[in-house]
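Shown next, in structure tokens, is the structure this report addresses.
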Amino acid sequence: MVINGDIRDVNHIAYRTCSAEFYLGPSLWKYHVRTTGCYACPIRCYSVIRDEETAAKYKVDPITEQTCLALWGRWFFPSLINDLEKPVSREACLVGSQTLDDLGIWCNYGQLHRDFVYFLKKGYWKKYLSEEEYKEIPWDKFENPDPSALQDILPRIAYRKGEFGRWLGETTPKILEHFGLAESAWQKDHDTLYWAHGHPKHHSNEDDGQIGCVLNSLYNRDPMSHGHINFTRCGLPIDVQKRIGEKFWGSPDTVDAIGDYTPTNIYKMKRLQWVVARKELHDMLGICSWTAPWEVSPLREKGYIGDIEMESKVFRAVTGIEMTQDDLDKAGLRAFILQRLYTMRQLKSRNPRQDHDQYPEWIFWDPKDKAPFTKGTIRMERSDIEKSFDLFYGLMDFDVKTGAPTEKSLKEYGLDFALPTMKQEGLM
């Protein structure tokens, strides 16, 4: 099937189906075999690339099948970060993707690339590695791009070889702590931003204001949630988004235009609650958060209003088990609360608000020092973020002061069995 017109048009669901061109540039069409995707998914977001030249040159497989950040091997090379045209950019992406996959390395959504390059530019590797270890690594291949360098450094990370492999295989805060680097200076540069637990800036205040910030603070790692961004970045005009927001979450004030944020309110946190349920449901049901949820439609004749009960319909069709969308949402929030209890036990904390739900200082920064809630900035306001937590905890029946689930909350979500353990361990 050929889809004509702009792939970013809101009426063309192909927005997510051209990964090779989207991430690697139009020159990749020469190597593009076909698109594919997860089993039975109608959105074919994976690109299958056949490149015999790169395979012969670097002794990798001619077929690379991948999507998104795993295709950005060129990001390890400073001069290729913004270069999609050179053949070596393509080679770096394909060699990087295959080597990362073969070794089972997670790039932490690009944080691995960014940390490596930042250390390289600042001269930290030469400063902090022993002379012997530094000489082992082919640094010249990063200055004059040669993708075979990835076949040297990535195994070091996978097998935790030396100081380089040991610490680049950790999260950013761990690297900084080990080498004695100031976290405040690191974040001030805004070159490699991350959240309190080391996961990278990804769909936070730059995409959905307070919702993105609180969401990223609730999880130990990148939540990989697209329930919020698939709404705010869907391409529909803000007045249409507000109309849909009122239908599903009770008020047009549940959503703002990106970069034109307003103070927090209960409706934004209701949508966050829905987003958290979606994140857990998509993980449990094997539904792709990239293509779901379906609260919007690409069809003009439907007023662009989607089907917010799609997950429950898919669940019933596959399992034969009758569950309403409310039942399924409750199951998603139940999983979230159970994870929260487990996190409290790991931290030995009765106060996850203080000990876990932390946000970075860079969300309160603007390059031109624009005030929060000024059009054109994504800068947040501290008291407003704290109020957002208050509202969210209240909706979840958590203790607002500590952010801990209450006995009432556990009983409401069918988690009574956890009460004896939490009480025995002094966590409730």
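Keep in mind that what you see is a predicted model, and the values were worked out from it rather than measured. The residues of the chain are indexed from 1 along the displayed sequence.
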Just checking, is any N or O donor in the side chain of Arg300 or Tyr304 under 3.5 Å from an acceptor N or O on the other one?
-> yes

Report, as yes or no, whether the 6.0 Å neighbourhood of atom CZ on Arg221 holds more than 12 heavy atoms from other residues, nucleotides or ligands.
-> yes

Sub-4.5 Å side-chain heavy-atom contact between Leu215 and His203 | no

Does a donor on one side chain sit under 3.5 Å from an acceptor on the other, for His197 and Asn220?
-> no

Ion pair check, Lys411 and Glu407, cut-off under 4.0 Å = yes

Can you tell me how far the CH2 atom of Trp249 sits from the CD1 atom of Ile244, to the nearest 0.5 Å?
-> 8.0 Å

So do Asp357 and Arg340 actually touch side chain to side chain, heavy atoms under 4.5 Å?
-> yes

Is there a donor-acceptor contact under 3.5 Å linking the side chains of Asp146 and Ser148?
-> yes

Given side chains that start at C-beta, do those of Leu120 and Pro78 come closer than 4.5 Å, heavy atoms only?
-> yes

Determine, for Asp208 against Arg233, whether the closest basic-nitrogen to carboxylate-oxygen distance falls under 4.0 angstrom.
-> no

Cation-pi between Lys279 and Tyr219: NZ/CZ under 6.0 Å from ring centre and within 45° of the ring axis?
-> yes

Does the pair Arg74/Asp83 count as a salt bridge with the N-to-O cut at 4.0 Å?
-> no

How about Glu280 and Gln339: do any of their side-chain heavy atoms sit closer than 4.5 Å?
-> yes

Distance only, no hydrogens: is a donor on one side chain within 3.5 Å (strictly under) of an acceptor on the other, for Asp61 and Gln98?
-> no

Pair Trp195 + Tyr359: ring centers closer than 6.0 Å = no

Side-chain donor-acceptor contact under 3.5 Å, Thr324 with Asp327 = yes

With the side chain counted from C-beta on, respond yes when Leu80 and Trp75 share a heavy-atom pair under 4.5 Å apart, and no when they do not.
-> no

In terms of side-chain geometry, is the basic nitrogen of Arg156 or Asp152 positioned less than 4.0 Å from the acidic oxygen of its partner?
-> yes

Modelled atom types, side-chain donor and acceptor of Asp384 and Thr264, under 3.5 Å | no

Is it the case that Gln325 and Asp329 place a side-chain donor and acceptor less than 3.5 Å from each other?
-> yes

Could you tell me whether Arg379 sits above the aromatic face of Phe364, with NZ or CZ closer than 6.0 angstrom to the six-membered ring centre and within 45 degrees of the axis?
-> no

Flag the pair Ile238 / Ile258 as yes when at least one side-chain heavy-atom distance between them is below 4.5 Å, and no otherwise.
-> no

Do Phe116 and Phe76 have ring centroids that are under 6.0 Å from one another?
-> yes

Between Glu386 and Arg382, is there a salt bridge with N-O shorter than 4.0 Å?
-> no

Counting only heavy atoms not in Arg160, do more than 12 sit closer than 6.0 Å to its CZ atom?
-> yes

Worked check of side chain to side chain contact (heavy atoms under 4.5 Å, CB included) between Gln111 and His199 | CA-CA 8 Å; Gln111 193 73 14; His199 66 269; over 6 Å; no

CA sep, side-chain torsions, deciding dist, call: His178, Glu163, side chain to side chain contact (heavy atoms under 4.5 Å, CB included) | CA-CA 10 Å; His178 176 71; Glu163 285 281 283; 2.7 Å; yes

Does Thr262 offer a backbone N or O that forms a donor-acceptor pair with the side chain of Asp256 under 3.5 Å?
-> yes

Using the ring of each side chain (for Trp, its six-membered ring), is Phe179 parallel, tilted or perpendicular to Tyr128, with breaks at 30° and 60°?
-> tilted

Kindly check if the number of other-residue, nucleotide or ligand heavy atoms within 6.0 Å of CG (Asn82) is above 12?
-> no

Cut-off 3.5 Å, side chains only: do Asp355 and Ser349 have a donor facing an acceptor?
-> yes

Might you point out which heavy atoms bring Cys234 and Val296 nearest each other, and give the distance in Å?
-> CB-CG2, 4.2 Å

Charged N to carboxylate O under 4.0 angstrom, Glu91 versus Lys86?
-> no

Taking the inter-plane angle between the rings of Trp139 and Trp125 on a 0 to 90° scale, is it parallel (under 30°), tilted (30 to 60°) or perpendicular (over 60°)?
-> parallel

Decide yes or no for Asn216 and Ser204: does some side-chain heavy atom of the first lie under 4.5 Å from some side-chain heavy atom of the second?
-> yes

So do the side chains of Arg278 and His226 get within less than 4.5 Å of each other, counting heavy atoms only?
-> no

For Lys387, look at atom NZ and say whether over 12 heavy atoms of other residues, nucleotides or ligands are found less than 6.0 Å away.
-> no

Checking side chain to side chain contact (heavy atoms under 4.5 Å, CB included) for the pair Asn144/Phe77: CA distance, chi angles, key distance, verdict?
-> CA-CA 8 Å; Asn144 302 298; Phe77 304 87; over 6 Å; no

Would you please test Arg353 and Gln358 for side chain to side chain contact (heavy atoms under 4.5 Å, CB included) and show each step?
-> CA-CA 7 Å; Arg353 180 170 190 162; Gln358 297 299 302; 5.9 Å; no

